[in-house]
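Notes follow the structure.
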Amino acid sequence: MDNGIDKKRILKNTILLYGRMALSLLINLYCSRIVLQSLGVTDYGVFNVVGGVVIVFTFISGPLSASTSRFLTFELGAQHKKRLNQVFSVSMMIHLVFALLVCLVTETVGRWFVINVLVIPAERLHAAVWVLHFSVVSIFFSLIQTPLSSDVISHERMDAFAAISLSEVILRLIVVVCLIYVSADKLIVYALMLSLISVMSFVANWRFCRLKFEEARGKRYYDKEVAKDLLSFMGWSLTGGISGICNGQGLNMLLNVFFGPAVNAARGIAMQVQSALTNFSSNIQQALNPQITISYASHRFEDMYMLMTSCAKFTYLFLFILSLPIFCYTPYVLTLWLGQYPSYTVEFVRIILVINLIESQSNTLVVANHATGRIKKYQIWVEAVNVLALPMAYLYLRWISSENPSVVFLMLLLVSLAAQGVRIAIVLPNISMSFSFYFHRVIVPLLKFSALMTVLGLGCVSVIDSPNIYMFIIVVCILIMAGCLLMFFVVLSDSERSMVVHQYHQFLKKFRK
């Protein structure tokens, strides 16, 4: 068994994931612009809100994925090959059963909801129902491929993960380009093609796992005790899925009922920005998450603490540096990206950027807590706070004022901040990490960095209020360079600085060769 952190593997996986992210980001940004222009604001809003109905019935997907990843990675770290095979087999069976249930419920309850509750123009209702059908196909194959992609990540085969993900993105690009020349109903065609991409993604993951991993091609059998452990973990994780649905698609439907599909289109654009930035920061997390769980399973707790604090800081820092130029110049960025965009998009994007920064700190705490297996208290208290966003937003819109949809995102911001406080209070004692250690190693340096960078960003806006493309690039370069310098000298600890310098020298040596 490896007695230390595999730094070379972490670095390799991070580089692979960032390469995937860079190409995916460029393609997705282009796709979003073309899809919005091809479908129009109304159809774009319909696609987002109807797709959201399907996602409501997949609130189990998050807990299923988290449970599968945790158990697979833990058994890999503990080197229990037999139990690893059992976990994989049982998780495949469980995901198939739940996927079939989701399809059944969505095609009955979901269809009724789309037809009778959502605010959709009468002439687009037929297309909306077809979007629902094709979205069900997409969700089915996404659910049953979860154990496969979890197995790829648990084995830290980020090369395969990146290749399959990029293939999906390239296929989506082809679909979007073809959409321009389609004479049939573009909304229906778009939903159909996305469902076919989800089928191909499942086949690619299945073939790779069967070729590379013993547990994926081993004997299939049902183990009652393993199923009990998985379902118990999933059951408590389910509260997170419910709160995620409330804060995501629940709020999206609330916006639809009070403000109509145009506001759903604005929210969809904001979610595109969130997704792009989250994918960027999650590359660090995906490279480190298996090592955190493996460190705990191997009883290397000091290694786990170091990975947790470093991951929390680097994730936040890179996300902040990327988000600041977008926050400062949101109208210009949206115009450059989309041309025309719906009302309220600027406000939505800015609030989402702040929420993203708060949520970026949750991942390492969640992974560390899941590694312990003690999730009951965590799930009850954290998700009890998270679920408050939807009722708070509804009560405000219903009884106080329904003039400004931005209040929905402000409620989500307050709840995210409160949930992070509860998360810290519960997880740190679970892993025997002192609050003082976490406070001085993570919170204080990040607050200093945020304050200094915010002042710099506001200074740039005061000097250059309405930039052209050249001035915007100059401002972005200034903020990135200043952010990197502050990160190195203000935020990183001595050991982290040494690690960065060492990896930089290693990179130069390889480059010169």
Side-chain angles (χ1 to χ4, degrees), residues 25 32 48 52 55 59 62 240-255 259 263-285 311-330 333-334 341-342 344-366 382-394 396-397 404-424 442-443 446-447 449-451 453-454 457:
L25 179 60
S32 299
N48 274 277
I55 294 174
F59 63 91
I242 294 171
S243 67
I245 287 297
C246 289
N247 293 343
Q249 303 312 317
L251 292 176
N252 194 27
M253 292 175 194
L254 191 67
L255 290 170
F259 303 101
V263 172
N264 290 120
R267 187 255 180 196
I269 292 169
M271 292 302 104
Q272 288 281 332
V273 176
Q274 181 190 40
S275 177
L277 292 174
T278 300
N279 286 341
F280 190 96
S281 62
S282 67
N283 290 321
I284 299 173
Q285 297 167 352
C311 184
K313 285 194 285 190
F314 282 116
T315 301
Y316 182 93
L317 293 168
F318 284 119
L319 189 58
F320 193 102
I321 292 171
L322 282 174
S323 301
L324 187 58
I326 300 173
F327 187 94
C328 292
Y329 296 103
T330 308
V333 172
L334 289 173
Y341 54 86
Y344 299 107
T345 307
V346 172
E347 294 91 332
F348 289 2
V349 168
R350 283 177 168 163
I351 300 171
I352 283 294
L353 291 176
V354 179
I355 293 172
N356 249 14
L357 290 171
I358 297 170
E359 293 295 327
S360 72
Q361 293 300 285
S362 66
N363 177 75
T364 52
L365 294 171
V366 172
V382 173
E383 305 311 336
V385 174
N386 271 329
V387 81
L388 293 175
L390 182 59
M392 285 169 59
Y394 173 78
Y396 186 93
L397 294 174
N404 189 349
S406 299
V407 72
V408 171
F409 290 90
L410 290 174
M411 295 293 182
L412 187 58
L413 172 60
L414 292 174
V415 167
S416 296
L417 191 59
Q420 181 62 10
V422 175
R423 198 175 283 117
I424 290 171
V442 178
I443 297 176
L446 294 184
L447 287 176
F449 176 85
S450 301
M453 286 298 292
T454 300

May I have all residue pairs that pass salt bridge (charged side-chain N to carboxylate O under 4.0 Å, His left out) and include part of residues 312-321, sequence neighbours excluded?
Lys313-Glu496
ring-ring contact (aromatic ring centres under 6.0 Å, His included) filter on Phe348, not counting sequence neighbours, yields Phe409
Hey, what do you get for OH (Tyr329) to CG (Leu324), rounding to the nearest 0.5 Å?
9.5 Å
Nearest 0.5 angstrom please: Ile326 CD1 to Asn356 CG, how far?
10.0 Å
Hey, are the side chains of Leu414 and Leu410 touching, using non-hydrogen atoms and a 4.5 Å cut-off?
no
Side chain to side chain contact (heavy atoms under 4.5 Å, CB included) partners for Gln420, two or more places apart:
Ile358, Gln361, Ser362, Leu365, Arg423, Ile424, Tyr438
Return the set of residues passing side chain to side chain donor-acceptor pair (under 3.5 Å) with Thr454 (not counting sequence neighbours), or none when no residue passes.
none
With Ser416 via side chain to side chain donor-acceptor pair (under 3.5 Å) - residues at least two apart
Glu359
Those residues at least two apart in sequence (or on a different chain) that pass side chain to side chain contact (heavy atoms under 4.5 Å, CB included) with Phe259 are Leu255, Val263, Leu397, Pro405
Contact check, side chains of Tyr396 and Val408, non-hydrogen atoms, under 4.5 Å:
no
Among residues at least two apart in sequence or on other chains, which ones pass side chain to side chain contact (heavy atoms under 4.5 Å, CB included) with Leu357?
Tyr316, Leu319, Phe320
Rounded to the nearest 0.5 Å, the OG1 atom of Thr330 sits from the CD atom of Glu347 at a distance of 9.5 Å
Nearest 0.5 angstrom please: Leu353 CG to Gln274 CD, how far?
9.0 Å
Residues in ring-ring contact (aromatic ring centres under 6.0 Å, His included) with Tyr341, at least two apart?
none
One should read off an interatomic distance between Ile355 CD1 and Leu412 CG, to the nearest 0.5 angstrom, of 4.0 Å
